[in-house]
J.: 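Mind having a look at this structure? Questions to follow.
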Amino acid sequence: MKTIFIKSGKYIFKNRWRKFFVFLITVPVILFFILNIIFPLRIKVEYSQIVTAGDGTVIHAFLTNDEKWRMMLEPKEISPLLKKAILYKEDKWFYYHFGVNPVAICRAAFNNLFHLRRTSGASTITMQVVRLLYPKDRTYGNKVLEMFRAMQLELRYSKEEILQLYLNLVPYGGNIEGVKAASLLYFGRMPDKLSLAQVTTLAIIPNRPISLKPGKKNDAIVNARNKWLRRMKADKVFNRQDLEDAFHEPLEAQRQDAPKFAPHFAVRMKQLYPGRPIIKTSLNRFSQDKITAIAYNYSKRLKSLNINNAAVLVINNKTGNVEAYLGSPDITDNFHNGQVDGITAVRSPGSTLKPLVYALAFDKGLATPKTVIADVAVNFDGYAPENFNSKFNGNVTVDKALSYSLNIPAVKTLNQLGIATLTDKLKQAGFKQIMKDENKLGLSTVLGGCGVSLEELTSMYASFAHEGKFSRLKFLKEDSLSNEIQLVSPGSAFMTSEILTTLIRPDLPNNFLSSMHIPKIAWKTGTSYGRRDAWSIGYNVNYTIGVWIGNFSGEGVPELTGADMATPLLFEIFNSLDYNSGKKWFRQPDDLDFRLVCPVSGKVPDDFCESQIIDYFIPKVSSAQKCNHMKPVYISPDESFSYCTSCLPHDGYKTKLYPNPDPDLIAYYETEHILYEKIPPHNKNCSRIFSLKPPAITSPTNGKEYIVEKGQDQQLMLSCNADNEVKTVYWYINDRFFKSCGSTEKIFFVPEQGQVKISCSDDKGRNTNIVIKVSNL
Ligand SMILES: [Zn+2]
Ligand SMILES: [Zn+2]
């Protein structure tokens with residue numbers, strides 16, 4: 001400020017120089033910014049996608065589209081050692097220049113002019129990045145362009161980002177680019193784990209990637225490395241002892257294959273997160289290796305049975321993370337479609353949806369574990385399910401029905417629940433094929449008449465281990481347990497888990513003795529129609545594990561059942577991953593309580609119920625209906641006939657309790673010739689008209705011959721005259737249950753040729769048989 005007031009010649013002279021210098025600096029700066037706008041920097045680097053496990057190690061890497069191994073470093077992977085060595089070698093003034101180092105350029109120009117020794121180092125790291133991004137011939141024009149681009153780079157990026165870009169792009173011979181790919185593929189370790197000797201090696205190779213090819217020219221590399229180590233020693237770059245150790249470190253660099261663990265998982269991640277250079281998953285290396293080895297060996301043993309594929313999914317229940325993922329045991333087995341990912345493949349679930357159906361019934365108050373359901377012949381509009389062994393069991397409790405995986409109680413429960421309740425829940429739990437087929441699904445869904453994937457099933461089961469809360473699979477470390485859906489109540493989940501831990505059940509594997517040491521688990525098996533799929537899905541406090549065994553080709557195999565084929569593998573995996581989990585189990589939730597029920601019905605006992613058993617129930621939800629397993633009947637003193645209210649005499653009668661089974665159970669007793677206490681016949685002098693007769697079959701006519709056209713599936717009508725009191729009649733064709741219907745309803749059937757026995761039973765247990773003859777035209 002002082003000079004403003006001094007108007008001397010000296011000042012004017014100084015002022016001119018100043019203007020000149022300002023001009024000299026301003027014009028290029030303005031020019032740079034104009035050019036920067038006209039020729040903006042465009043950087044697009046494609047990286048090899050890598051998939052890392054929960055511990056940060058690389059489990060799988062994919063080539064870039066230009067077939068390069070070019071992996072992106074993370075800032076934390078650039079160790080101080082690596083940074084120091086690279087900067088020392090390439091660009092000592094990196095943090096002090098603006099992309100171009102004028103001193104180095106002047107020195108290089110001077111040396112060139114006087115033909116002195118060629119000096120490297122005129123190119124800054126920033127300029128090298130430009131050259132790596134836009135390779136061009138080495139001309140003076142291109143050199144200027146390079147400087148311009150380097151300054152643009154400095155303008156846009158921080159020093160750390162530029163250094164990172166350099167370390168990502170620097171060539172290491174062949175198709176390896178960048179320090180990360182080099183350290184993984186030559187040293188088999190992550191870049192932040194490299195020693196000083198290794199770091200120095202990686203610092204010198206980029207200048208001579210061919211003559212210093214690791215694995216091929218290791219002696220030459222050691223010479224060059226030690227030369228640089230000596231220089232570092234002279235310049236005191238590193239601690240003396242560290243350098244001394246580095247001198248003596250042997251070079252064990254060998255070209256290695258890129259990691260290829262968990263291939264189905266990795267491919268899935270690549271598809272889910274395209275373009276993401278580092279996909280950080282929660283996969284557990286230890287668990288993945290274990291289940292891969294177990295499933296591979298297990299699967300090998302099944303090959304002789306012509307069972308060729310398997311899939312295993314392990315979810316950690318504490319974190320909700322996918323801990324292991326095996327799409328098929330051998331991805332290279334092309335002959336058996338090993339590349340198919342069995343975890344996402346849509347298959348028939350067999351019985352594996354039954355636990356959800358019962359759990360939903362618990363929540364609707366329709367049942368508790370001790371609720372009794374008749375496992376007898378049923379027919380829902382033509383759908384007549386059978387059990388796995390084609391036998392009926394009569395009255396069973398829900399817990400037995402589920403642990404024995406009986407079909408009819410499950411179908412009856414779903415019928416009561418309504419198919420929409422089930423499909424709504426499955427939709428909430430992300431069952432994709434169910435969403436598509438929603439309108440086509442019927443009661444057979446609970447027996448496997450639908451399409452699901454192992455992933456969907458396993459994550460659904462995981463919600464039983466998570467107080468009924470469902471959350472989508474967590475693949476990535478960053479995923480959180482958000483958007484949880486209360487699929488079933490905590491109480492319902494707990495009851496279901498208790499039932500699924502039952503050990504006395506038919507779906508224990510044959511070699512159960514060898515599995516005696518398994519940790520406590522709840523599990524359910526499934527076998528699809530035609531024995532095409534064997535499932536076993538289990539869980540405890542720590543893990544939910546889903547196992548599928550079968551053929552991707554869809555070929556069925558007689559030996560293929562969930563119990564015999566899938567459960568042994570499930571147990572083996574639990575044994576291996578969770579062998580010392582102890583006896584820790586789920587805590588009984590607050591919404592669940594105990595009550596006493598009548599063992600005959602599972603309902604709240606009435607005065608006549610002889611005994612009581614303990615049962616879980618959800619207060620205010622579970623049905624509080626009283627037991628009616630017996631009903632009082634007025635009978636004559638000699639118990640030879642019964643009265644109704646209209647014929648009941650003033651005295652001379654007694655009241656007696658008789659079993660009150662449902663009509664379908666009566667029909668079952670009759671067919672199976674099971675004795676049960678029947679109500680004596682009705683008072684024959686009763687003024688109300690009662691027929692004591694069984695239903696009379698009015699169509700077809702007894703003893704008649706019926707001629708039907710061959711191959712036309714012609715139908716015959718079934719009808720009867722039954723008692724007014726009769727509501728339901730049960731039709732049997734050749735002693736096989738056909739259909740039940742209202743007593744006045746007419747139904748149709750397609751007769752087989754020859755003698756056909758037709759039986760009609762009413763809901764009081766009275767039966768009529770006729771025989772007809774059917775001939776073809
Ligand atoms: Zn009772
Ligand atoms: Zn009467």
Side-chain angles (χ1 to χ4, degrees), residues 366 371-385 392 394-395 408-409 411-418 443 600-601 603 606 623 625-635 641-648 657-672 674 676-684 686-700 717-733 735-749 758-770:
L366 298 173
T371 298
V372 170
I373 302 177
D375 177 30
V376 295
V378 283
N379 192 306
F380 297 99
D381 296 327
Y383 176 58
F392 301 114
N395 267 350
I408 287 140
V411 172
K412 278 179 151 182
T413 306
L414 178 57
N415 184 51
Q416 252 190 307
L417 191 67
L443 293 174
V600 182
S601 66
K603 291 174 185 166
D606 208 338
S623 163
Q625 211 190 345
K626 282 224 166 182
C627 179
N628 56 351
H629 91 264
M630 300 291 269
K631 70 172 178 190
V633 180
Y634 306 120
I635 50 169
F641 56 90
S642 58
Y643 298 109
C644 67
T645 42
S646 53
C647 64
L648 185 67
L657 289 168
Y658 282 91
N660 183 27
D662 283 339
D664 58 354
L665 193 63
I666 293 176
Y668 165 75
Y669 288 153
E670 292 294 331
T671 343
E672 298 286 317
I674 296 169
Y676 65 103
E677 199 180 1
K678 290 182 196 176
I679 297 167
H682 199 71
N683 174 17
K684 38 178 194 272
C686 181
S687 57
R688 284 177 67 183
I689 303 148
F690 278 112
S691 121
L692 299 174
K693 282 181 224 143
I697 297 174
T698 52
S699 168
M717 188 176 78
L718 297 173
S719 69
C720 69
N721 275 338
D723 239 20
N724 285 341
E725 299 262 299
V726 172
K727 287 192 177 60
T728 313
V729 292
Y730 300 83
W731 291 95
Y732 294 79
I733 312 291
D735 290 326
R736 257 179 90 85
F737 176 71
F738 173 62
K739 242 178 199 181
S740 61
C741 62
S743 59
T744 55
E745 224 178 296
K746 293 173 173 53
I747 57 171
F748 294 87
F749 78 109
I758 296 166
S759 321
C760 182
S761 302
D762 68 11
D763 51 20
K764 306 275 184 290
R766 293 167 300 205
N767 182 65
T768 305
N769 300 322
I770 61 164

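Remember, it's a predicted structure, so these values are computed and weren't measured experimentally. Excluded from the calculations below are hydrogen atoms, water molecules and symmetry mates; all remaining heavy atoms, backbone and side chain alike, are included. Each residue takes its place number in the sequence, starting with 1.
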J.: Shortest non-hydrogen contact from Phe392 to Val376?
T.: CD2-C, 3.8 Å
J.: If you measure from CD1 on Ile666 to OH on Tyr730, what distance do you get to the nearest 0.5 Å?
T.: 7.5 Å
J.: Answer yes or no: is there a donor N or O on one side and an acceptor on the other, between the side chain of Ser743 and the main chain of Val729, under 3.5 Å?
T.: no
J.: Hey, would you say the Tyr732 and Phe738 ring centroids sit under 6.0 Å apart?
T.: no
J.: Please answer whether the main-chain N or O of Pro695 pairs with a side-chain N or O of Thr768 as donor and acceptor at a distance below 3.5 Å.
T.: yes
J.: Could you tell me if the side chain of Asp762 sits less than 4.5 Å from the side chain of Pro694, heavy atoms only?
T.: no
J.: Side chains of Ile635 and Tyr658: closer than 4.5 Å at any heavy-atom pair?
T.: yes
J.: Would you check if Arg766 and Val726 make a side-chain contact, meaning some heavy-atom pair closer than 4.5 Å?
T.: yes
J.: For Phe641, is the CZ atom crowded, meaning more than 12 foreign heavy atoms sit under 6.0 Å from it?
T.: yes
J.: Going from OH on Tyr668 to CG on Asp662, what distance comes out if it is rounded to the nearest 0.5 angstrom?
T.: 14.5 Å
J.: Between Trp731 and Ile697, is there a side-chain heavy-atom distance shorter than 4.5 Å?
T.: yes
J.: So, for Pro409 and Thr413, which heavy atoms are closest and what is the spacing to 0.1 Å?
T.: O-OG1, 2.6 Å
J.: What pair of heavy atoms forms the shortest contact from Ser759 to Asn767, and how long is it?
T.: CB-OD1, 3.9 Å
J.: Which heavy atom of Cys647 sits nearest a heavy atom of His682, and at what distance?
T.: SG-NE2, 3.6 Å
J.: Under 4.5 Å between any side-chain heavy atoms of Leu718 and Ile733, yes or no?
T.: yes
J.: Can you check whether Ser623 reaches Leu366 side chain to side chain, under 4.5 Å on heavy atoms?
T.: no
J.: So do the side chains of Pro700 and Ile770 get within less than 4.5 Å of each other, counting heavy atoms only?
T.: yes
J.: Please report the interatomic distance CG(Leu657) to CD1(Ile679), rounded to the nearest 0.5 Å.
T.: 10.5 Å
J.: Who passes side-chain contact (heavy atoms from CB on, under 4.5 Å) against Thr371, sequence neighbours left out?
T.: Ala367, Thr368, Val398
J.: Heavy atoms only: give me the nearest Ile408-Ala374 pair and the separation to one decimal.
T.: CG2-O, 4.1 Å
J.: Using distance alone, with no hydrogens and no angle criterion, decide if Ser719 and Ser699 have a side-chain donor and acceptor under 3.5 Å apart.
T.: no
J.: Measuring from Ser761:OG to Tyr669:OH, what's the distance to the nearest 0.5 Å?
T.: 15.0 Å
J.: Taking atom NE2 of His629 and atom CG of Asn395, what is their separation to the nearest 0.5 Å?
T.: 10.5 Å
J.: Looking only at heavy atoms, which two atoms of Met630 and Asn660 are closest? And how far apart?
T.: C-CB, 4.1 Å
